[in-house]
Structure formats: structure tokens, C-alpha cells
Amino acid sequence: MIEPKVYREMGLNDVEYAQVMKILGRHPNYTEVGMYAVMWSEHCGYKYSRPVLKLFPTTGPRVLQGPGENAGAVDVGDGMAVVMKIESHNHPSAVEPYEGAATGVGGIVRDIFTMGARPMAALNSLRFGELSDARTRYLFDRAVSGIAGYGNCIGVPSVAGEVYFDDSYEGNPLINAMCLGLVKSDKIARSSASGVGNPVMYVGAKTGRDGIHGATFASVELSDESEERRSPTQVGDPFTEKLLIEATLEALNTGHIVGIQDMGAAGLTCSTTEMAAKGDSGMEVDISLVPRREEGMTPYEVMLSESQERMLLVAAKGHENEVKGIFEKWGLNAVVIGRLTDDGIVRIYDNGELAAEVPAKSLAEDTPVYHMDARIPDYIAQVRRFDKDELPQIEDFEPILELLLRRHNIASKEYIYRQYDHMAQINTVVLPGSDAAVLRLKGTGRGLAVTVDCNSRYCYLDPYIGSAIAVAEAARNVVCSGAEPAAVTDCLNFGNPEKPEIFWQFRQAVEGISAACRAFGVPVISGNVSFYNESQGIAIYPTPAIGVLGVIENIERRCTSFFKNDDDAVVLLGFNGPGLDGSEYLKAAHGRVAGCPSLDLDKEKRLQACCLEAIRSGLLASAHDIAEGGLAVALAESCFNTEGSHGVSVEISSDGLRQDDALFGEAQSRILVSLDPSKLDSLIKLAAEHDVPLMVIGAVGGSNLIIDLDGSKIIDLKIEKIESAWRGSIEEALA
Amino acid sequence: MKFGVVIFPGSNCDCDCRRVVEQVMEQPVDLIWHEADSVDGYDCIILPGGFSYGNYLRAGAIASHSPVMGAVKKAAADGKLVMGICNGFQVLAEAGLLPGVLQRNKNLRFICKFLHLKVEHNKSAFTNACSPGQVLRIPIAHDEGKYYVDTKVLAEMEAKGQVLFRYCDAGGTVSAEANPNGSLGNIAGICNRKGNVMGMMPYPERSAEEILTSADGRLIFESMLRHLRQVWK
């Protein structure tokens, strides 16, 4: 009999404990309580989020694997599939940023090669407090080093990402790691264990005491005690991961592996029960055979360890030695620890003695599901009370533009991506810094564009619209690179879902993502939910990071955001409108986070279709999404080309908007493009066909950024000067 | 001309090198496992970039003791071409096949970026397809690329033309600003006295196709082919 104090500390409530007793027909032992607690935690069991996640559209002609496996997969043509997923590693990174971020990369990469795919690119979505805070600087710098240290070592290029700095993340930074891999469509591996008598093999690194109850740790809020709970953080060994990538892909290639799953959250508990449950099988394993790096580990510790770089696989009977031989060639452990049975029960033995006996599906599938209360938070009414006419008028716009370009949310992220090997595997044909990374698919003439995006300030002001904008903007970034959006993966970072206000944010966000995905015809194929992102009781901004994969049919027709040629025409494609709500300008110049952003999905869809066709027809020299900082910042960013910067001169009118709105407003559904003037007529015709407005606003040329607003030259800045401020801003903050 | 690309545990760029040799240069190429005790039959051995043995201890230190390195030393002594790229350069330095050491970058961070290299001279097996002083655009991606060697050896190397590449700006000026990692004399690539073993930190295979924004790295592979075909000198 287990004391209530014990199971409660592990994360089970009284009702759940009673349910475990009902399933087992007896009291669970200590090991079993640990197993149920971790599998029924929100992190593994999605007990709060599952009913809401059903709203996502998850099917489509390209989808080969939707949510439910280690990662999702889509057909990208020529018999090839891209496997993709994003995952959070927030709480470990708040305590130990280097290892937390590093093992975040390791975990997501394992999810990809477990599917039989060679990991071809990594991305990350990061959130920190403001860099003026010393601890934030430490967290940021160490997390970036951790991502670099791990990703560089395993030879997977980190090709794109995003980072935002805001006070709401000060106590609870976000580290979301995303990965994609390439596999032949008919070679996708899965995690279902079937075939009575088939051997269950443990491969990879040895098991230690690190990370015990990491999943449970991820399912509570951070507090001062978290600092003392270092045991839940894991330590990564990228070298072993690299060997594991090669050995696993080689072993899968033999065709003798029936099912495979990585040991991530909840380690052996999760992999044994999930694999057995998926294959309608049972499993018997003897954990005394598990390679250990520490002595005297109890069954509880072995089953709950989250030691990194380990996998569980089921081989075809009679082929275990061949599989073992491959892992041993790569210097890795490979041990048969058990067999599959047909009774649906997972039996854990420790040196022959029964240590746990649980129905696989009761842990893996029959997670308690809670339908939580949702209530609109009080702050929403406050932030909506926003009258932009009350804002003081700005007389001098140049300092504002310079201020915005230096804002860490807008400034160049070069300091970060310089530390990542973003060229390994020689596929990266558009390097970091443009709207999306572009990867070639060798030998096909096609390519991929990939990005991750989320403006969480918009999501705070309106989780539904903000989340729809996150999808729209990520898709727009991919379109600006010449790709058709094909699939979404999402990492939903929120506060404590047991609070109705947080649950409301979460539900609104999922509804907004779903609406946008349906409108664009892009399915959600994988993702992750991270709750309890609070510190001292204050939640982070709702942050649904949206990863979008796009397919480029002809890699020669890819596009970047940079102006290329003097005298090219500069065109604003899309729908002008008010956009001060939630803007970076509003926060930077007026210290306010207020209003409500807006998005018209139909207009957005037309704009993206128009831009994509223009790029595919070879009309455009550059295309850049207009986002944080509005048109003025977008113009500057298009000038800053590492292969040779350009100047630009434009004339615009505020046309019923405030002047600051015309310059810095963040109205959605706008793309800044440049093109040879001889192609202008074709673009005008194309835009008319798509019913998309278009304004020719100026030309590329000179060495300054010149903006003429309502007939007066209000901005005239040397590119050299503003570019170096923009490039150096983050590094300066750290110096 | 037959190429062999060695795979150490932790090599990452073996397949990139193979692709360039096979698809771009259209030459036969094999991958060679680190436990091989012979590399006979190859005209050129490439030690690729990556993190052999996780770069634990020191970059390249453990790999330099791999069984295959005995065979590589023999090939070097026999006058076969040996090229080490990035981690491969570190392995060659650790193995004593090239003078000097590679230390952590001056800023103590990994640096990945395109930059410019000045070709010191074209009288070598690795640069004969270039013109003297030619500026190549080739990327680096390393944590430990700061080249160091003592003054006496450096003077000898300079005298013998063993310095092949220096970091420079787009105009070809070798300056402190153009030095990404604090390398002595902006050194990016060197060869041994005999001229058949070369190590460079930048990645020529990452810039051997126009689609990768530079095809300059091809010149290094072309130089080796010209050397093997004895079409220069």
C-alpha cells in the first residue's frame, strides 16, 4: 500500500490512484505508481490537452503519417517523404540551460531518425526575458551554446529559427527544438511492436539516474524549489547520438526491425508500454539486463530514468544478432532485454523477480482525460481598451526606426546562427537570415523551405487571432521563399492549464491554428504541448510556435528577402490597414502592449497564392514578409544583404492611417517585393487576377534608406550605419 | 583517379566529400572505415570534417590513433595525396603529418560563415588550378581552428611555400579584421614539406556547386586531379 503523500508527490491525485487500483485490482507497488504517474502526466499523457487537440485538421493528400507517432511525415514527391516534429525542453533549460537546450535537440533528432529518416535540418524557437537582465543573458548564451554544441557535433545543420525577448519569459524561458528528416516514403519506420516472441532490444547509451521524473517535472510550475530539483535535468552526449543515428539507420535498412521508439520522456516506461499498446501486444523485459552506468539502481529508477541517447526496438526473431552486430560496430550497447507476448500486459522483471505488471494500454492510451473549465482572463478587457488616437504623435521618425532596428526582437540573429553549423550536408541553398531556410533535395530539382514562427504578443492580446497569425506568417515566410506550404508542426507553450484563464488561452489558440490551417489547406502532422510555463505564479505569454514546411517544385525558382539589383522596382503587395495593435513599435516607443491584432484569412490566402505564382513565374527578385516593425523595418531588412547591401528610396502616403502606423504598423497580409521594372506589368496583371492590391512605392538604389511620407522626406539614413546597428545589437547587449 | 574518404566515428562530412568527388568531379570514390589497415589503391585520401570521437580530449586527438591512420601515414610517405578538411586537418596535425596545432577560436565560440581565402601560390598539388593571389569564397564551420606553430617552424614553412591559404577580405587583403579565429598569420591551410599532405579549416566541398552560392572550392579538387594527371609543372 502506497501512502497518499507518496503518489501525490509523484503527480497522481486520489481519483487517479483509485483508477489505477481499479485497473490492477490491487494496490500498485512503488514502481508501478511511478510508471502511472509519469505516463498520466500532462507531458506524456496529454490529459488536459487531448480533447482540444482533436480540433486540428490532420489529413491531406500529402500526409503519410499524422500525429500519434514519433513524428509526422509528408510526401514531398519523387517517392520521398519528409518527417518533421517540434518539441519543447523548457523546464530543464530554465534550471540548466546548456544541457537542457542540448538534450532538447537530441530528443527531437531521435524522434526523426526513429522514423527511419536521416535528420537533415534542425530549427529552434526560443524565448527569454529581456537581455538587460543578467540571469537572462546567462540563460540565453548557455542555451544557444547548448544547441550549437549538440547540433554541430551530430552533423545536423541548424538552418533557421526565431527568438523573442520579453519579460513574460524571464523566469521561464522557452526552448523549442524542431527537426526534419528525409526518408523514402515506403521505408518509414514505426513504433508498433508486434509478433509474439520477437526480441525486445535496448540499444544506445547506458542508463543512469539522470532525468528521473523529468516528465513530471515538466508538468508543474517552476518555483524556487526548481533550482534544487536538478535531478530531473538530463545530460547529453552528442557523440553517442551521432553513432546512434548511423547505427539505427543502418539497422533499419536491413528490414529486420519490426518497431522502434526512442526513450525520451518517461524512458523505458514510455517506450515499453507505448510500443506494446500500439501493436496490441504484451511485453516481458528483465531490467537487470539493461546496461547501467550506476550501481544499485532500483526498478523504479531504471524504469523512470531519462538518460539520453537510448532506443527500444523490436527485431524480427532470428535476426537479433545481425542487428546487435550493427550497433556494436558503431561502439554502442545492444542487448536483448525481453520478448513480446500476446496478452497486452507489460511485465517488468528485475533479475527474474516480477517488479511491475501493468496492462500496456492502461498507461499508454487510457490516460485520464479532463475537460477543463475555460474562462476569459480579466486582462483581455484591459488590453482591448486601446485608443490609438491618444498616443502622442511622433515628429521625428528616424530615431524610432533606429530604435526598432536595434530591438532584440528585430535585430539580426547572426550572433546566434553563426554559432550553428548551418551548412552541413550541403543542402542549405538559402542561408539563415532570409524569411525561411531553403534546402535542396539532392538529385530531384526540388527543394524545401522551412521556418518556425510565433508572435506571442499577438497571442497574448488575442490567442485565437494571434495563433492564426502565427500560422499565416510562417506560411507567408515559406511562400516568400518560393514554396507551397505542405505541413505544420506546432509546439504549444502555455501556463498552468488547471487555471481556467490559461485553458481558455490554450483552447482559443488551438481553434485559431485550426482555422488558419483549414483555410490554407495545410494539415498539422505533429507537435507537442508544454504546460505549466509559469514562474512565481505568473504565466508566460501564450506561445504556440508554428513550424511550416513548404515544397519548392523547381529549386532554381527560389527566392530570398534581399534586394538584388539597383533600379529594381519596389512594390508593396497586399492589404494595407491599421496595424499598431500589439506592434513592436507600440511597445518600444510607447511602452504599451495593447489592442487586438487582426487577420482576414481569405485575403491572406489570396496574397500567398499571388506571391507564390509570381515567384514560380520568375517575376520577383526578392520577397519579404512585412512583420515586426512594419514597412519601414521590412525595407531596411531587404537592404541588408550579406552579399552586398543596397539602398532604397520609396514614396508612400499614410492614406487615412496615422503616419506612425503607415511606417511601423504591423497589418497582416503584406509582402514587400522587388523586381525588374520590365516585369511590373506582368505582376500587376497577376495581382489583379488574384484580387490582391499592389502599390509601386519606389526603387532599389543608392546607399541610403529614404522614405518620403505624404510628400516629405521623413527618413534618410545611411544603410551602412543602420545595418551595423542592426547586426551588432544582440552581441552588444551581451558584451 | 581513385579517392577514399575516411569515416571515423563522429565524422559528419564524409558523404558531402563523396558527393563532390563523385557527382561534381566525376571520379570514383569509396568510404573507408576507420578500422581499415590499408588504403592501398587510392590516389587520394580525404579525412573529412565533423567531430571524430566527439572531439573529446582535443579535436582530432583520439582519431589520430585510429588503425586507419597507420595506413594513411604510409600513403603519405609513399607520396599519395592526403587532404584533411576541418576536423581532418585537426587529425593530421595531431598525427604529426602536418606541423602546428589548432586551438580554440579566439572568441571561444563555434563560427560558421562564408569568408574569403587568399591562395598564397599555385605551385602545389592543391592550388595549381588557381592563380597566385586568387581570392576564393569558401565557408568555415569550426570551434577549434586557430592555427599556431612556433616561429622557427613558421619561418621554414613560409620559406618552403607550405602556407597555402590565408584568411583575407573580399579584395584579397590579409588583415586582422579578416581573421575569423585568431590564426597565426591568418593561416587557413597548409601542406607538409613534401607537398602531398594538406590541411585546411575551410570546407571546399561546401562551396563546390553554384547553387551553394560559391563553386570556388572546386578549384582545390581540380588542382588535385591535375596533379594526379601530371598536367601541371
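Just so we're on the same page: letters track the sequence lines, and every chain starts at 1.
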Original post:
Side chains of K206(A) and N333(A): donor-acceptor distance under 3.5 Å anywhere?
Top reply: no
**OP:** Quick one: which of E643(A), E556(A), K442(A) has the most heavy-atom pairs under 4.5 Å with chain B, could you say?
**Re:** K442(A)
Original post:
So what's closer than 4.5 Å to chain B heavy atoms on I426(A): side chain, backbone, both or neither?
Top reply: both
Subject >> Among the listed options T642(A), V429(A), D421(A), the residue most often paired with chain B at heavy-atom distances under 4.5 Å >> reply: D421(A)
Original post:
I154(A) versus chain B, heavy atoms under 4.5 Å apart: side chain, backbone, both or neither?
Top reply: backbone
Subject >> S11(B), part contacting chain A, at a heavy-atom distance under 4.5 Å >> reply: backbone
**OP:** Give a yes or no on whether a salt bridge exists between K74(B) and D40(B), defined as a side-chain N under 4.0 angstrom from a carboxylate O.
**Re:** yes
Original post:
Any salt bridge between R104(B) and E144(B), counting N to O under 4.0 Å?
Top reply: no
Original post:
Which region of R206(B), side chain (C-beta onward) or backbone (N, CA, C, O), has a non-hydrogen atom less than 4.5 Å from a non-hydrogen atom of chain A, or is it both or neither?
Top reply: both
Original post:
Can you tell me if CD on Q23(B) sees more than 12 non-hydrogen neighbours from other groups inside 6.0 Å?
Top reply: yes
Subject >> Under 4.5 Å from a heavy atom of chain B, the part of Y150(A) involved >> reply: neither
**OP:** Select one option (side chain, backbone, both, neither) describing which atoms of A424(A) are under 4.5 Å from chain B's heavy atoms.
**Re:** both
Subject >> Under 4.5 Å from a heavy atom of chain A, the part of E209(B) involved >> reply: side chain
Original post:
Is D43(B) salt-bridged to K80(B), going by a charged N under 4.0 Å from an acidic O?
Top reply: no
Original post:
Considering only heavy atoms, which portion of F114(B) lies under 4.5 Å from any heavy atom of chain A: side chain, backbone, both, or neither?
Top reply: both
Original post:
Quick one: do D210(A) and R293(A) make a salt bridge, cutoff under 4.0 Å?
Top reply: yes
Subject >> Side-chain H-bond candidate by donor/acceptor type, E250(A) with N253(A), under 3.5 Å >> reply: no
